Amino acid sequence: MSTSTKRLLAAWALFDIFLLAAGALSLTLSIVWRAPNLLLNLTFSNTDLLFGTILGIILLSTFVISIIAIIQRNNSIAGLVVLNWTLLIDAIVILIVGTYIWVYTLHERNNYHTVFGRQSNATKILIQDTLKCCGYFSATDEVAFGGSFCPNNAAAIAANSFCVTPITQFADMTLNNTFSTVYGFMAIVIGLFLATTCVIKKRQEYHRFEKIDAKRGGQGFV
């Protein structure tokens, strides 16, 4: 095996390991973030976490396909071709998930107004006590009286602190990090796609030389 081929396979293996890490990260976080956590549970819906789970499974499945494809004999490219088509599907899914999250961040204040309004009074009170705020846009907007910070209307008005800012600050930071990471997966997929294409070309070249060598009676090249 030539030095250039070894370097190519090393680059391919590196991108493949990154793909495995990306799939594991997506699947792990989508499971861990389902655990009880006041602000994370408010930030991510079950649909968001389902998308994360699906993305993780798809990336891990692609990794399995890549291992099957690369261990085939040198003159076989069918598995690598399937891998590249799978990577194209991965890229589409990544683009959809990342863009879905990004678009949601464009209207965070209104979006989380709806999310906050759907919460039970007990959850609202817990959020208000934790973030030291009363209501969402105002002391009378989606407010829930009770707890230590907003026990009544007078306390809510006197506090003059509303939940929209702390909620969207946490959500904005979390969602920005999330869709940036998801878009970062695209670089891994593109890198592996290009490396796989190079491996395909290398195997086609190897197969062509095998045919030429066979016609020459197996004497090899001078």
Side-chain angles (χ1 to χ4, degrees), residues 21-60 90-189:
L25 178 64
S26 180
L27 184 59
T28 299
L29 290 182
S30 65
I31 294 174
V32 170
W33 284 348
R34 292 180 186 275
N37 182 296
L38 185 64
L39 293 180
L40 280 177
N41 295 158
L42 192 68
T43 301
F44 293 108
S45 67
N46 287 331
T47 300
D48 298 331
L49 297 177
L50 178 61
F51 282 161
T53 301
I54 292 172
L55 178 59
I57 292 173
I58 288 175
L59 294 179
L60 291 175
D90 292 352
I92 293 172
V93 174
I94 288 171
L95 187 62
I96 291 173
V97 173
T99 303
Y100 170 82
I101 299 172
W102 171 70
V103 169
Y104 197 82
T105 65
L106 300 180
H107 306 282
E108 282 175 336
R109 292 171 69 87
N110 288 330
N111 287 337
Y112 283 103
H113 180 259
T114 302
V115 173
F116 185 77
R118 287 200 301 259
Q119 307 305 308
S120 66
N121 282 340
T123 300
K124 287 181 181 179
I125 291 171
L126 184 58
I127 293 171
Q128 292 172 161
D129 283 350
T130 300
L131 300 179
K132 305 302 180 186
C133 58
C134 295
Y136 191 77
F137 283 124
S138 70
T140 58
D141 179 39
E142 297 291 356
V143 66
F145 297 122
S148 60
F149 197 76
C150 304
N152 50 52
N153 186 54
I157 295 174
N160 195 33
S161 175
F162 316 125
C163 296
V164 57
T165 298
I167 287 176
T168 54
Q169 280 180 342
F170 177 85
D172 186 64
M173 176 190 68
T174 306
L175 293 179
N176 281 339
N177 289 336
T178 301
F179 79 70
S180 296
T181 300
V182 172
Y183 280 142
F185 293 165
M186 185 70 79
I188 298 173
V189 169

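Everything numeric here is computed off the predicted structure, so don't read it as measured data.
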How many angstroms lie between [atom1] in [X] and [atom2] in [Y], if you round to the nearest 0.5 Å?
| X | Y | atom1 | atom2 | value |
| --- | --- | --- | --- | --- |
| I101 | N177 | CD1 | CG | 11.0 Å |
| T105 | M173 | OG1 | CE | 14.0 Å |
| N111 | I167 | CG | CD1 | 12.5 Å |
| S30 | L49 | OG | CG | 6.5 Å |
| K124 | R118 | NZ | CZ | 11.0 Å |
| I94 | F185 | CD1 | CZ | 7.5 Å |

Grab the two heavy atoms, one from [X] and one from [Y], that are nearest each other, plus how far apart they are.
| X | Y | value |
| --- | --- | --- |
| C133 | I127 | SG-O, 4.4 Å |
| R109 | Y136 | O-OH, 2.8 Å |
| G135 | V143 | N-CG2, 3.6 Å |
| Y183 | G98 | OH-C, 3.4 Å |
| T130 | L126 | OG1-O, 2.7 Å |

Keeping the roles fixed (side chain from [X], backbone from [Y]), state whether a donor-acceptor pair exists under 3.5 Å.
| X | Y | result |
| --- | --- | --- |
| Q128 | A144 | yes |
| D129 | S148 | yes |
| T168 | T165 | yes |
| S26 | G52 | yes |

task = Indicate whether the side chain of N176 and that of D172 have a donor and an acceptor atom separated by less than 3.5 Å.
result =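 Looking only at side-chain atoms, D172 and N176 do form a donor-acceptor pair, the distance falling under 3.5 Å.
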ask   = If you measure only the distance, is there a donor-acceptor pair under 3.5 Å linking the side chains of T181 and T178?
value =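 Looking only at side-chain atoms, T178 and T181 do not form any donor-acceptor pair under 3.5 Å.
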message = In terms of relative ring orientation, are Y104 and Y112 parallel, tilted or perpendicular, with 30° and 60° separating the classes?
response =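 Rings of Y104 and Y112: perpendicular, as their planes differ by over 60°.
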inquiry  = Over 60° means perpendicular and under 30° means parallel, so tell me whether W33 and F44 are parallel, tilted or perpendicular.
reply    =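 Parallel.
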Quick check: do [X] and [Y] have side-chain heavy atoms less than 4.5 Å from each other?
| X | Y | value |
| --- | --- | --- |
| L175 | E108 | yes |
| Y100 | D48 | yes |
| F162 | D141 | no |
| L40 | R34 | no |
| L39 | L131 | yes |
| L42 | F170 | no |
| L95 | M186 | yes |
| L106 | W102 | yes |

query = Quick one: are the C163 and C134 sulfurs under 2.5 Å apart?
reply =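 The sulfur gammas are not closer than 2.5 Å, so no.
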Residues, nucleotides or ligands: over 12 heavy atoms within 6.0 Å of N46 CG =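 For N46, atom CG is not crowded (no more than 12 foreign heavy atoms under 6.0 Å).
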ask   = Going through the distances and angles, do T114 and N110 end up as a side-chain contact (heavy atoms from CB on, under 4.5 Å)?
value = CA-CA 7 Å; T114 302; N110 288 330; over 6 Å; no
